[in-house]
Amino acid sequence: MLDAKKLRNDLDEVKEQLKKRNEDISALDDFTELDHKRRNIIQEVEELKSKRNTVSKQISEMKKAKEDASEAIAEMQEVSQKVKELDEELRQTAENLTHLLLTIPNIPHPSVPQGEDEDDNEEIRQWGGTPSFPFELKAHWDIASELNILDFERASKVTGSRFVFYKGLGARLERALINYMMDLHEDRHGYIEVLPPYMVNRDSMTGTGQLPKFAEDAFQIQEEDYFLIPTAEVPVTNMHREEILTDEQLPLAYAAFSACFRSEAGSAGRDTRGLIRQHQFNKVELVRFVRPEDSYTELETLTGHAEKILQDLQLPYRVMNMCTGDLGFTAAKKYDIEVWLPSYNDYKEISSCSNFEAFQARRANIRFRREAKGKAEFVHTLNGSGLAVGRTVAAILENYQQEDGSVAVPEVLRPYMGERDVIR
RNA sequence: GGAGAAGUACCCAAGUGGCUGAAGGGGCUCCCCUGCUAAGGGAGUAGGCCGUUCCGCGGCGCGAGGGUUCAAAUCCCUCCUUCUCCGCCA
């Protein structure tokens, strides 16, 4: 959510900034009118309430003095009726205004390259080069089925398409990665470990920006107004919804492992094979609450924490600075980390590291105070995958495949794999 | 899931319709007093949000949302959370 005061003062400038996103922002045209209407009603209704408060007190005194107050009471009956009508009108107007604000995307940071779509994203750096294979390489789903460590067929029988059973050393590899990532972030990068709820309520989904605009991307629980989390970002960021943090608490950093659930609406036919696009997948998510002035150096720190995993795993990757047209609704700036997938002969997103500035904090009302008596300010929130576990498994299977069909185990994972050095 | 009880400020807590724009404690901050400390005395402690003609004024705030009333922490309804007991369960 953007700052209503900023929209009031610099609407044209905001529009100019948002145009770069290549998105429909015509809803903003109604802002000024709604904002004025709201403030006019407030003035009118508060004047009446003030009068009512004063006269009510007089009525009380008149009654005590045994005077006749019926005239004043009759008058206040009318005032109260009017107040009721105006309050309703105000509620309606404020709701419209809030809804409008909730559907306007974040303003891109000046360091975000301007562009229309993913082709305009800017490569920041590469790591690890691209490996060549002296034999015919296989896609991870073929490697996995030959090793009997992933079972897509039975998962579609038991549930449906885009679900998977991990089996044997496949399941072990997934679990090893989760433990490896969590240990690293907790022990070396200073994150507090969190195991969050996998369902959240509507306010939480609104706080981080999944609702109201992107309802079709989420799975919703029928009996309750709950949603399966599409990422641990939602429960973890919302942990501090409606809170005022102290300055000493910042920067506050959480690492959370969770399953993630996405309906993948509109992705029919894309990445249909393998682990890349599932309705349920595991992810380790890093979430940071920081002082506004620190958020851009924090974004670099956060991205570095995610990159460290890939470096330890010796997986080639590149870091992309997402352009204005590919930024996503909530981010002011976003780096995608893309891992090399030999079967795609291309890089594929494995982590997304974003600075939301105050966009989520304003929606979720997460603030901090620099001094005990100081004014509460919005924090900046950031998050990034560290990493998507399923895609990491895919990358390991493909990059570590060997001619005989086996897969070498990355060295850092061996302690987590019962000291095995190969999956065969 | 059933039955009961409770949600008031940083914490505890009084409060059954109008001097409650919330008593009283505790804690915290500042001051006084006594070599230091403890004890004692005094003052402050509703923040937050919203509006505004912004060193001021006004509105809303007693779990949340509605309702009754000239007037609601107080009466009524719905919901949420916590606690106790029962049931079920990993």
Side-chain angles (χ1 to χ4, degrees), chain A residues 1-9 31-102 195-207 211 221-227 235 238-249 258-259 289 358-379:
Chain A
M1 193 157 67
L2 300 178
D3 182 4
K5 283 200 189 86
K6 182 160 178 67
L7 291 177
R8 207 173 284 158
N9 298 329
F31 173 80
T32 305
E33 192 193 328
L34 274 173
D35 185 49
H36 272 123
K37 187 174 173 194
R38 173 176 164 274
R39 285 188 288 162
N40 286 339
I41 299 172
I42 285 175
Q43 280 189 51
E44 198 181 341
V45 76
E46 289 193 350
E47 201 174 306
L48 288 175
K49 283 179 179 175
S50 175
K51 183 173 183 190
R52 184 177 68 183
N53 287 344
T54 314
V55 176
S56 281
K57 215 157 260 179
Q58 289 167 2
I59 290 173
S60 168
E61 279 154 22
M62 287 163 85
K63 288 205 162 184
K64 230 166 266 168
K66 307 264 189 234
E67 291 169 30
D68 177 27
S70 54
E71 195 179 315
I73 288 175
E75 193 190 342
M76 285 310 102
Q77 272 171 344
E78 275 175 46
V79 169
S80 271
Q81 184 56 37
K82 184 72 184 160
V83 164
K84 194 181 278 186
E85 287 163 20
L86 285 173
D87 265 343
E88 174 55 24
E89 202 182 337
L90 176 62
R91 193 195 59 74
Q92 194 62 250
T93 307
E95 193 181 301
N96 292 342
L97 189 61
T98 303
H99 187 264
L100 184 154
L101 289 172
L102 287 175
L195 205 50
Y198 287 4
M199 293 184 207
V200 294
N201 59 33
R202 183 172 292 273
D203 285 344
S204 295
M205 289 289 273
T206 306
L211 292 179
I221 306 302
Q222 294 230 307
E223 303 69 28
E224 296 270 358
D225 200 18
Y226 293 166
F227 299 81
N238 279 284
M239 269 203 294
H240 294 296
R241 175 150 50 84
E242 308 290 343
E243 288 185 15
I244 301 177
L245 305 169
T246 62
D247 193 61
E248 306 82 68
Q249 281 178 278
S258 84
F289 301 81
F359 190 83
Q360 291 182 326
R362 201 173 281 116
R363 286 172 162 251
N365 200 20
I366 307 168
R367 292 171 295 171
F368 80 109
R369 244 192 274 276
R370 292 178 196 269
E371 300 150 25
K373 304 256 174 187
K375 190 161 170 51
E377 303 169 50
F378 290 113
V379 299

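Computed from a predicted model, the values in this text were never measured in an experiment. Each chain gets a letter, A, B and so on, in the order its sequence line appears, and its residues count up from 1.
The existence of a salt bridge linking A/Arg91 and A/Glu88 is confirmed by a sub-4.0 Å separation between a basic side-chain nitrogen and an acidic carboxylate oxygen. Electrostatic pairing of A/Glu89 and A/Arg38 does not count as a salt bridge here, judged by no charged N lying under 4.0 Å from a carboxylate O. Residues A/Lys57 and A/Glu61 are not paired through a salt bridge, judged by the lack of any N-O separation under 4.0 Å between the basic side chain and the carboxylate. Taking 4.0 Å as the cut-off between side-chain N and carboxylate O, A/Arg39 and A/Asp35 count as a salt-bridged pair. The pair A/Arg367-A/Glu243 does not meet the salt-bridge criterion, since no charged nitrogen lies less than 4.0 angstrom from a carboxylate oxygen. Taking a cutoff of 4.0 Å between a charged side-chain nitrogen and a carboxylate oxygen, A/Arg363 and A/Asp203 do not qualify as a salt bridge.
Spacing between B/G18 and B/A5 at atom C1', rounded to whole Å, works out to 30 Å. Using atom C1' as the reference point in both B/U20 and B/G61, the two lie 14 Å apart (nearest Å). Here, B/U34 and B/A23 have their P atoms 33 Å apart, quoted to the whole Å. B/U52 and B/G41 have their C1' atoms separated by 43 Å, given to the nearest Å. Taking the C1' atom of each, B/U16 and B/C75 are spaced 8 Å apart, rounded to whole Å. Straight-line distance between the P atoms of B/A64 and B/C11: roughly 14 Å, to the nearest whole Å.
At a cut-off of 3.5 angstrom, the base of B/G51 holds no donor-acceptor pair with the side chain of A/Gln43.
Nucleotide B/G61 is shown with a syn base, its glycosidic torsion being within 90° of 0. Syn is the glycosidic conformation of B/C55, whose angle stays within 90° of 0. In this entry the base of B/C54 is syn relative to its sugar, with a glycosidic angle within 90° of 0.
In this structure, A/Tyr198 contributes its side chain and A/Ala259 its backbone to a donor-acceptor pair below 3.5 Å.
Following rounding to the nearest Å, A/Gln81 (CD) and B/C70 (C1') show an atom-to-atom distance of 13 Å. Atom C1' of nucleotide B/U20 and atom NZ of A/Lys57 are separated by 10 Å, given to the nearest angstrom. If you measure from atom CG of A/Asn365 to atom P of B/C49, you get 8 Å, rounded to the nearest angstrom. Here B/G58 presents its P atom at 13 Å from CD of A/Glu47, a figure rounded to the nearest Å. When rounded to the nearest whole Å, the span between CG of A/Asp225 and P of B/C80 equals 12 Å. If you take CD of A/Glu377 and P of B/C49, they are 11 Å apart, rounded to a whole angstrom. Separating the CD1 atom of A/Ile244 from the P atom of B/C10 is a distance of 9 Å, rounded to the nearest angstrom. Atoms CD (A/Gln58) and C1' (B/A71) sit 13 Å apart, rounded to a whole Å.
Nearest nucleotide to the side chain of A/Arg369, out of B/G51, B/G48, B/G58: B/G48. Comparing B/G21, B/G59, B/C70 against the side chain of A/Ser50 picks out B/G59 as the nearest. Counting only heavy atoms from C-beta on, A/Ser56 has its side chain closest to B/G18 among B/G18, B/U52, B/C60.
Checking the phosphate oxygens (OP1, OP2) of B/A71, a side-chain nitrogen or oxygen of A/Ser80 falls inside 4.0 Å. Under 4.0 angstrom from either OP1 or OP2 of B/C50 there lies no side-chain N or O belonging to A/Arg39. The phosphate of B/G58 (OP1 or OP2) has no side-chain N or O of A/Asn53 nearer than 4.0 angstrom. Here A/Lys84 does not reach the OP1 or OP2 of B/C70: none of its side-chain N or O atoms lies under 4.0 Å away. Side-chain N/O atoms of A/Arg91 include none lying less than 4.0 angstrom from OP1 or OP2 on B/G66.
Residue A/Arg8 is in sugar-phosphate contact alone, with no base atom involved, counting any heavy-atom pair closer than 4.0 Å across all strands shown. Contact annotation for A/Ile42: backbone-only contact, meaning every heavy-atom pair under 4.0 Å involves sugar-phosphate atoms and none involves a base.
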